[in-house]
There are 2 protein chains.
Amino acid sequence: MTTQHDQDVADLRAFNRTYTRRLGLLDASYDGSPFTLSEARVLYELATRTDPVAAGIVRALGLDPAQVSRTIKRFTERGLVTSRESPAHGRHLLLSLTDEGRAAFSTLETNTKASIGQLIDGLHPLRRARLLAAARAINAVFEGDAPPAARLRGLEPGDLGMVTARQGFLYAGEYGWGRDHEALIAEIVARFHQDFDPAKDDAWIAEADGRMVGSIFLVRGEAPGTAKLRLLYVEPDARGMGVGQMLIEACVARARALGYRRLDLWTVTTLTAARKLYQRAGFQVVEETPCRRFGQDLVDQIWSLDLTA
Amino acid sequence: MTTQHDQDVADLRAFNRTYTRRLGLLDASYDGSPFTLSEARVLYELATRTDPVAAGIVRALGLDPAQVSRTIKRFTERGLVTSRESPAHGRHLLLSLTDEGRAAFSTLETNTKASIGQLIDGLHPLRRARLLAAARAINAVFEGDAPPAARLRGLEPGDLGMVTARQGFLYAGEYGWGRDHEALIAEIVARFHQDFDPAKDDAWIAEADGRMVGSIFLVRGEAPGTAKLRLLYVEPDARGMGVGQMLIEACVARARALGYRRLDLWTVTTLTAARKLYQRAGFQVVEETPCRRFGQDLVDQIWSLDLTA
DNA sequence: CCATGATTATTGACTCAGTCAACATGCTGG
DNA sequence: CCAGCATGTTGACTGAGTCAATAATCATGG
């Protein structure tokens, strides 16, 4: 048996191999460059950091101090770098590129840019877009060191469909609900927009790490003074980080602010995680009926929250 | 001014730097490994290919023949590899791992898997999913050497919403159409599903390189014997590779097969690319009326194709 | 059948990468 | 003031990577 974890490891290793073979040598040595990859990395650091010091470069690139020392020695011999003792710290050597050094860096930049440009241009537009999206994603994964925080925002183009797609996809996979479920969501979403009244309705998208990870909709109910909470969902990856609670709180607060006296919601007992969230937010079950829906035997529930308390 | 191309190059370079720093050393040398990265790569090839020959490894890894020769010599001295002359080809050396070689490879595998597993486990689930999706995408970009061909398939969970999302997003960006356009699509899509009759309706998704790149829907019309072509779209990346034509042909063929005598469609003059496709497929304009829609002044068109010809 | 060219493998020579240990020097916090 | 730490250098060594030369073998076309 192969677990998901094993598969992940295998995929990442496959990626590593592809990368080493196809991309690895790109960022540095175009053909005939006077610099090796490692030298180019050091030169890049020298050119881009302010007041470069050897130790800083060592840390930034994860290289051995000995190697950086020798590389800089070579650069000095080639007339690319000068160093002077730091006035503040006698042990620091302030490094700076000479004019020749800057010129060398500039042609290096031009050439590597050109060679990467060539790679990009050689790809089919479809693949190019995919490669770049993936590269940006990986970058983001390692750049953002803080754990990804979710934030709420309003609706943007594409969101309505995305909510439909994700919920349709997830409930089909997790609970085997049929396509009529997705169609139901599409209809709710479409009607939400047709009847939209900013004084009565609202919707939130939860976003984390640049991706939609959840949604919630606030829609006016049939009875005056009541509203409905609809289409709450949280992506599996993002569960357990308080996204659901955040969404419900925003929805309840807005319902209060708009003057509603009661907030209702419909769900089925199968969705245990959601039920816990409703409970914690103070909702109570007011109705429960067995029902056949989406190709499954389910138990419908209506929950209600008194907003006047 | 920074063009998209420049930005792409910069992003790919940034990715390259991130990679070299954060992932580069992973696939090979766990801490205290008796193999260098390059040696590990060669060992991997020795262990996984059938009837390994030095020249094959040279090509697969893009290494210098001299280096591979010396690496294998070291392996032989360490008792990891034996070689014998190929009976078929006197210049080929058939390499094979000894028992010790296989054992060394196996512990290497275990350890690198563990160290990659550690990296994966250290990431937030959200980021892990993102990293892996991106790694798989990059792999796919370089694995599929043939230009990505589009293929058609039926509806799957999530497709209805995805069609809505992509069309809403694209027409908002390209033509400034408002959110009511997205809501309209959501409604069409929802109604399509509610009224779905396999003997009268159909839908296709175009997929290329594992991604949805277009859609088309066939829906029965009000008048008997007539059908409507709806929701045709092609992703910008995938334009110019015949996806639109493929979709229309599938739709027209199915309409014929279901016995319809006429196929209508509604569009607006702004969508010039689509208009050309309709024209080439034999559609003709039967009605044209200026109209205000989606926050724009548009000219509605109804096109029609006689299927009895 | 043979000359020619391509492929395969090896070796020498060289520079740089990368690791480890030793060492000198300056700074910093009790 | 002194121990400990960070910074930078050097020596010694192995492997990576490049280039050129060489030798053996195979494939091919006249």
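If you're wondering where the values come from, they're calculated on a predicted model, not measured in any experiment. Lettering follows sequence order; numbering is per chain, from 1.
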Let me check something: any side-chain donor-acceptor pairs from residues 147-154 of chain A under 3.5 Å, sequence neighbours excluded? List them with distances.
{"residue": "A/R151", "atom": "NH2", "partner": "A/E207", "partner atom": "OE1", "Å": "2.8"}
{"residue": "A/R153", "atom": "NE", "partner": "A/E207", "partner atom": "OE2", "Å": "2.9"}
{"residue": "A/R153", "atom": "NH1", "partner": "A/D159", "partner atom": "OD2", "Å": "2.7"}
{"residue": "A/R153", "atom": "NH2", "partner": "A/D159", "partner atom": "OD1", "Å": "3.3"}
{"residue": "A/R153", "atom": "NH2", "partner": "A/E207", "partner atom": "OE2", "Å": "3.4"}

Between the protein and nucleotides 26-28 of chain C, are there any N/O to N/O pairs under 3.5 Å, and if so, what are the atom names and distances?
{"residue": "C/dC27", "atom": "OP1", "partner": "A/G90", "partner atom": "N", "Å": "3.1"}

Close approaches to DNA chain C from residues 50-60 of chain A, in residue order (heavy atom, under 4.0 Å): none
Any residue meeting side-chain hydrogen bond (donor to acceptor under 3.5 Å, both in side chains) with B/T110, in chain and number order, not counting sequence neighbours: none
Partner residues of B/A137 under the side-chain contact (heavy atoms from CB on, under 4.5 Å) criterion, sequence neighbours left out: A/R130, A/A134
Test side-chain hydrogen bond (donor to acceptor under 3.5 Å, both in side chains) applied to A/D99 - qualifying residues, sequence neighbours left out: A/R102
A/D209/B/R127 salt bridge by N-O under 4.0 Å criterion: yes
Protein-nucleotide distance (B/E39, atom CD; D/dG17, atom P), rounded to Å: 11 Å
Qualifying salt bridge (charged side-chain N to carboxylate O under 4.0 Å, His left out) pairs, either residue in residues 109-120 of chain A, two or more places apart: A/E109-B/R13
Value in whole Å for how far the P atom of D/dG8 lies from CZ of A/R74: 17 Å
Partner residues of A/H92 under the ring pair (Phe, Tyr, Trp, His ring centres under 6.0 Å) criterion, sequence neighbours left out: A/H89
Net bend of the helix from C/dC1-D/dG30 to C/dG30-D/dC1, end axes of five pairs each, nearest 10 degrees: 30°
All side-chain hydrogen bond (donor to acceptor under 3.5 Å, both in side chains) counterparts of A/T82, not counting sequence neighbours: A/S96
Would you give me the side-chain donor-acceptor pairs under 3.5 Å for residues 54-71 of chain B, sequence neighbours excluded?
{"residue": "B/D64", "atom": "OD1", "partner": "B/A66", "partner atom": "N", "Å": "2.8"}
{"residue": "B/Q67", "atom": "NE2", "partner": "B/S38", "partner atom": "OG", "Å": "3.2"}
{"residue": "B/T71", "atom": "OG1", "partner": "B/Q67", "partner atom": "O", "Å": "2.8"}

Name the pairs: protein N/O against N/O of nucleotides 20-22 of chain C, kept only if under 3.5 Å.
none

